[in-house]
Amino acid sequence: MGGSKMPNVYEINVEGGMSSLSIANTNLHEHVPNEAPIVSSYNDRIRPLLDTVDRLRNLNVMKEGIQLPTIVVVGDQSSGKSSVLESLAGISLPRGQGICTRVPLVMRLQRSTSPEPEIWLEFNDKRVDTDEEHIAEAISITTEAIAGSGKGVSDTPLTLHVKKAGVPDLTMVDLPGITRVPVNGQPENIYEQISGMIMKYIEPQESIILNVLSATVDFTTCESIRMSRQVDKTGERTLAVVTKADMAPEGLLEKVMADDVSIGLGYVCVRNRVGDETYQEARMQEEILFKTHPLLSMIDHDIVGIPVLAKKLMQIQGTMISRCLPDIVQKIKEKMEVSYFELNKLPMVMTSTQEALMTFMNIIGSAKECLQRILVQGDFIDYQDDQTMHSTARLADMLGQFSNNLHAQPVIEEFLMDEIKVLEECKTIGLPNFIPRSAFLAILSQRIDAIHTKPVEFITETWDYIEGVLLSVLTKYSENFPQIQSSIKRAGRNLITKIKEQSVNRVIEIVEMEKQTDYTCNPEYMTAYTQKIAAQENFIYTVVNNYSNVHSLTAYGFGEVTVSHLRTYDAQLLRQAFDMKVRITAYWTIVVRRIVDNLALYLQFSVKNLVNNQFHKEIVADLVSPGGGGEVEKMLEESPSMTSKREKLKNSIKVLKESKEAVATIADQNSG
Ligand SMILES: Nc1nc2c(ncn2[C@@H]2O[C@H](COP(=O)(O)OP(=O)(O)OP(=O)(O)O)[C@@H](O)[C@H]2O)c(=O)[nH]1
């Protein structure tokens with residue numbers, strides 16, 4: 001059919017001041033494009049908005065995370081989606097029983113005053129011109145180019161532009177029909193692929209869901225209803241089109257009136273083109289059907305026919321666009337600010353070794369300042385929400401836990417038996433009321449051996465933690481230089497390994513010192529000894545005088561202890577053992593505190609030393625030294641990831657800038 005002979009699908013009929021779209025003049029040769037003033041004014045108002053949204057869509061602003069108001073056509077397989085679009089556009093789309101729509105088909109219908117329709121397809125920045133006769137074929141070919149020749153689907157959109165007299169100004173996206181069971185040639189996960197694609201389009205609040213339902217089925221069983229209700233529970237942005245009214249007129253009125261599936265924007269019942277009918281014949285038949293059919297004519301005329309659907313869609317689209325535009329303007333502004341900020345944060349491209357060296361020194365300098373804040377000063381401005389990086393507090397926690405762990409009293413198996421065993425082995429020929437010093441040191445040594453791994457574990461864990469903090473800081477400050485990031489981190493790791501080794505040796509020494517010598521000038525030792533030894537005579541008397549009914553005693557400072565096993569020993573040995581127990585108990589408190597204090601001071605000292613002296617010196621030496629392998633020079637070559645990040649940001653800014661310009665006039669009009 002020649003373009004010039006194509007009639008308008010709709011023309012406007014003004015009755016009693018009310019505008020309505022009605023069936024076009026079916027006399028092809030006599031047709032003259034004709035528009036009523038009220039609709040012209042509606043179009044004049046809405047058209048610039050639509051153009052703006054279309055321009056934004058063209059700029060692919062959706063890629064920048066900005067959603068545009070879109071009419072999304074969904075429906076179960078063969079529900080008649082493409083037929084509805086055909087009817088709206090007055091063109092042929094691939095139609096059939098199997099899966100025809102395999103990619104998102106964006107249909108941009110644009111009313112034109114030119115008698116010659118202009119039709120073209122766009123995908124992946126390619127343009128394919130076509131005409132009315134060949135659209136279906138062109139869509140099939142381009143679909144194959146996008147999604148392959150099988151029955152698979154792809155989410156790369158294909159845009160069909162139809163600029164033609166009489167079409168409604170609408171942009172809609174047709175999506176593949178939902179199918180539960182893969183037909184031959186379809187991948188096993190076809191349902192997941194299609195439903196995922198549909199969800200992506202219908203989820204944004206800006207989308208209008210045009211749910212195509214076949215009159216021949218029970219609406220409540222439609223998969224497309226189930227999906228649209230997931231994202232639009234109340235149905236406030238869902239409009240239902242009931243196709244195939246001619247095939248199942250019985251009960252259609254009741255189905256629509258009952259609204260079992262909660263369609264907020266209402267229903268429109270239609271009859272699409274059947275067989276080889278022309279669009280005009282189809283519209284005629286549709287009008288006749290809803291006027292004359294005994295059951296279908298009962299349905300309110302405001303909800304039947306393609307022209308009614310077109311008008312409703314244009315109104316909904318207009319309202320949605322006006323509602324969303326201020327938000328879109330705001331979002332473009334915000335996204336642009338963020339992109340500019342991100343771009344400015346990226347490092348400059350360096351051209352000389354000096355520049356690279358200076359940048360490297362800045363990275364290390366900034367990392368050092370940050371470490372000072374979190375490891376020394378307790379200032380967490382850099383990591384407000386990350387408690388693991390609040391290092392002064394975490395180190396205090398770790399020390400507190402270590403102290404509690406060390407202070408925990410060892411479980412006494414048999415009271416005084418450790419002391420008795422040691423005393424028996426250390427006895428010499430001499431006066432009975434002296435405790436051999438070797439016995440005391442042996443008991444002390446036993447106690448130290450029992451805990452000696454704890455301080456080493458503590459210091460190792462502490463440096464593991466500090467290593468994590470240091471690496472996080474280095475990663476953060478070198479994130480723009482992935483080409484040297486791993487070297488900087490390696491240098492950081494080396495430094496901590498070195499310090500950790502020194503610390504472990506130092507701690508082993510601290511513990512060893514406690515083992516070698518028993519000394520304190522702390523008066524608490526004597527106070528504790530005097531308090532506890534006072535109970536000695538009473539204790540020995542009770543045990544030795546063999547009150548066999550007494551199995552346990554409460555000894556001051558030791559709680560309740562069993563004594564029956566002690567009766568076989570003589571009083572002198574028991575006295576010595578008791579004395580030693582009291583001494584070691586009083587002294588152990590001092591030892592544990594001294595270890596904790598020493599470790600605390602040493603830790604503070606070495607952390608400060610790390611931050612204030614070693615960090616800068618050693619990392620710089622590691623990377624800048626002649627043996628450093630020219631690490632800093634690597635900064636001169638920008639890493640591919642950084643180049644692509646920069647390009648991406650520049651691209652985003654370009655798109656957002658053009659989008660801003662596209663919405664500027666509308667925004668001005670709105671604010672004015
Ligand atoms: N009688 C009658 N047949 C219709 C009507 N609407 C669609 N059909 C037929 O139903 C079949 C499926 O229609 P399509 O438009 O291809 O359905 P679809 O939902 O786009 O199909 P897929 O994209 O494959 O899921 C075609 O043979 C159409 O001719 C209608 O209102 N009346």
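Both ligands and their constituent atoms are indexed starting at 1 by order of listing.
Near M247, with a cut-off below 4.0 Å to any heavy atom, the atoms of ligand 1 are 1 (N), 2 (C), 3 (N). Residue contact check: D246 has heavy atoms under 4.0 Å from atoms 1 (N), 2 (C), 30 (C), 31 (O), 32 (N) of ligand 1. Numbered from 1 in the order shown, with element, the atoms of ligand 1 that lie under 4.0 Å from a heavy atom of R271 read 31 (O). Ligand-side atoms of ligand 1 in range of S82: 15 (O), 18 (P), 20 (O), range being under 4.0 angstrom from any heavy atom. The ligand atoms of ligand 1 that sit less than 4.0 angstrom from a heavy atom of S83 are 6 (N), 7 (C), 13 (O), 14 (P), 15 (O), 28 (C). Listed by number with element, the atoms of ligand 1 under 4.0 angstrom from any heavy atom of S78 are 12 (C), 17 (O), 18 (P), 19 (O), 21 (O), 22 (P), 25 (O).
Qualifying side chain to side chain contact (heavy atoms under 4.5 Å, CB included) partners for K63, counting only residues two or more places apart in sequence or in other chains: N60. With sequence neighbours left out, the side chain to side chain contact (heavy atoms under 4.5 Å, CB included) criterion links L253 to M257, M298, I299.
For ligand 1, one of its N or O atoms has an N or O atom of G80 under 3.5 Å away. Between R273 and ligand 1, a contact under 3.5 Å exists for no N or O pair. The N/O atoms of S79, backbone and side chain alike, include one that comes under 3.5 Å of an N/O atom in ligand 1. The shortest N or O to N or O distance between T243 and ligand 1 is not below 3.5 Å.
Around the NZ atom of K331, the shell of radius 6.0 Å holds more than 12 heavy atoms that belong to other residues, nucleotides or ligands. By the 6.0 Å contact criterion, NZ on K476 is enclosed, its count of non-hydrogen atoms from other residues, nucleotides or ligands being greater than 12.
Taking a 4.0 Å cut-off on heavy atoms, G75 fails to register as neighbouring ligand 1.
The closest side-chain heavy-atom distance from S322 to L49 is below 4.5 Å.
No part of D174 comes within 4.0 Å of ligand 1, judged by heavy-atom distances. Contact annotation for N272 and ligand 1: heavy atoms of both the backbone and the side chain come within less than 4.0 Å of the ligand. For K81, heavy-atom contacts with ligand 1 shorter than 4.0 Å involve the backbone as well as the side chain.
In terms of heavy-atom proximity, A240 sits nearest to I263 at N-CG2, 3.5 Å. Nearest heavy-atom pair across L175 and M197 is CD2-SD, 4.3 Å. Shortest non-hydrogen contact noted between S79 and K244 is O-CE, 3.9 Å.
E334 and Q330 share a side-chain donor-acceptor pair at under 3.5 Å.
When K244, E286, E86 are ranked by how near their heavy atoms come to atom 10 (O) of ligand 1, first place goes to K244.
Under a 3.5 Å cut-off, the side chain of E286 and the backbone N or O of V270 do not form any donor-acceptor pair.
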